[in-house]
Asker: 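My structure is below; once you've seen it, I'll send some questions.
Fair warning: this is a prediction, and the values are worked out from it, not measured in the lab.
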Amino acid sequence: MLGSAADAEDVLQETWLRWVGVEVGRVRDARAYLIRITTRQALNRLRTLARRRESYVGPWLPEPVLTAPDVAEDVELAESMSMALMLVLETLSPTERAVFVLREVFEVGYEDIAEAVGKSPAAVRQIAYRARRHVDARRPRRVVGAGEARAVLESFRRALETGDLAGLMDVLAPDIVLVGDGGGVKRAALRPVVGADRVGRYMVGGIRRHGHVVTTRHTMVNGAPALVVRVDGELDGVMAVRTEGGRVTGLYYVRNPAKLTRVEVETPVSRH
């Protein structure tokens, strides 16, 4: 819902502090009550984040989170965490985002969602319908299996490490989009780079120009295969990769050091 593990933990802490002050015997449905508290705290945080991102330097990407390989087995959960879908969720209003996540990911009933967001059940149904249509129109056309994604990622990895422009062009989709997030701390394109030729030359050009040694390591980030990138032995960033039809269609490269604290130790993730 927030796109940031650090903010999610803050919301969890705030929820816990409120929960321990409650007389539990008077709570009819603990799950619904906790959903209500957590959602309202998350909505408050979303509105604060929206104001903060207005002054963010360059594109903003969600925080990459190292996840266990078995997260990918829950297709809906893995997709809901993916960089591609979380960027789509960024285009929703805070209320739309909360309703979509609660309904589509956690299968919460409309009545409980209504209590959480302060709307009527009928209004929540309409919000859920609009949000679903919005997301469906922008989400990847089909879910790619983990095996297929890893195979494409391996071809991309080899070409990137060797600076092989022709090899990159073979694996990049014609309409690929590269989004980089340096947060004003590390260099990154201030606007998305679009098209295989521009993306390929942008990536290989920097390596060749500065003579860097680039090494990568396969990992699972946000429920999908990704690469941890090191330049001259130092952690440079995490690259989430979207694939369709045997080609790379989206690259999301997080270089902002403040967002790279969750890529060494797995973060447990579950819908329950």
Asker: Measuring from atom CZ of Arg103 to atom CD1 of Ile127, what distance do you get when rounded to the nearest 0.5 angstrom?
Answerer: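 Going from CZ on Arg103 over to CD1 on Ile127, the span is 13.5 Å.
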Asker: Which one of Val193, Leu168, Val177 satisfies the side chain to side chain contact (heavy atoms under 4.5 Å, CB included) criterion with Val199?
Answerer: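 Among Val193, Leu168, Val177, the one that satisfies the side chain to side chain contact (heavy atoms under 4.5 Å, CB included) with Val199 is Val193.
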Asker: Using a strict threshold of under 4.0 Å (side-chain N to carboxylate O), is an ion pair present between Arg157 and Glu161?
Answerer: yes
Asker: Between Tyr56 and Asn256, is the side chain to side chain donor-acceptor pair (under 3.5 Å) condition met? List the steps.
Answerer: CA-CA 11 Å; Tyr56 197 81; Asn256 184 347; 2.8 Å; yes
Asker: Using a 4.5 Å cut-off on heavy atoms from C-beta on, say whether the side chain of Pro64 contacts that of Lys259.
Answerer: yes
Asker: Any salt bridge between Arg158 and Glu154, counting N to O under 4.0 Å?
Answerer: yes
Asker: With side chain to side chain contact (heavy atoms under 4.5 Å, CB included) as the criterion, how do Leu153 and His218 come out once you've worked through the C-alpha distance, each side chain's angles and the decisive distance to 0.1 Å?
Answerer: CA-CA 8 Å; Leu153 190 61; His218 284 280; 3.5 Å; yes
Asker: Looking at Ala30 and Trp19, what are the two nearest heavy atoms and their distance?
Answerer: CB-CH2, 4.0 Å
Asker: Decide whether Val65 and Leu85 are clustered together by the hydrophobic rule: side chain heavy atoms of Ile, Leu, Val, Met, Phe, Trp, Tyr closer than 4.5 Å, transitively.
Answerer: no
Asker: Is Leu87 reachable from Val194 through a run of I, L, V, M, F, W or Y residues, each pair having side-chain heavy atoms under 4.5 Å apart?
Answerer: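 Same hydrophobic cluster.
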Asker: Salt bridge between Arg31 and Asp112, side-chain N to carboxylate O under 4.0 Å?
Answerer: no
Asker: Kindly determine whether Tyr252 and Asp181 satisfy side chain to side chain donor-acceptor pair (under 3.5 Å), including the steps that lead there.
Answerer: CA-CA 8 Å; Tyr252 310 98; Asp181 179 347; over 6 Å; no
Asker: Ion pair present between Asp7 and Arg45, side-chain N to carboxylate O less than 4.0 angstrom?
Answerer: yes
Asker: Are any of the side-chain heavy atoms of Leu172 and Phe156 separated by less than 4.5 Å?
Answerer: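 Contact flag for Leu172/Phe156 side chains = yes.
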Asker: Any side-chain donor paired with an acceptor under 3.5 Å for His134 and Arg138?
Answerer: yes
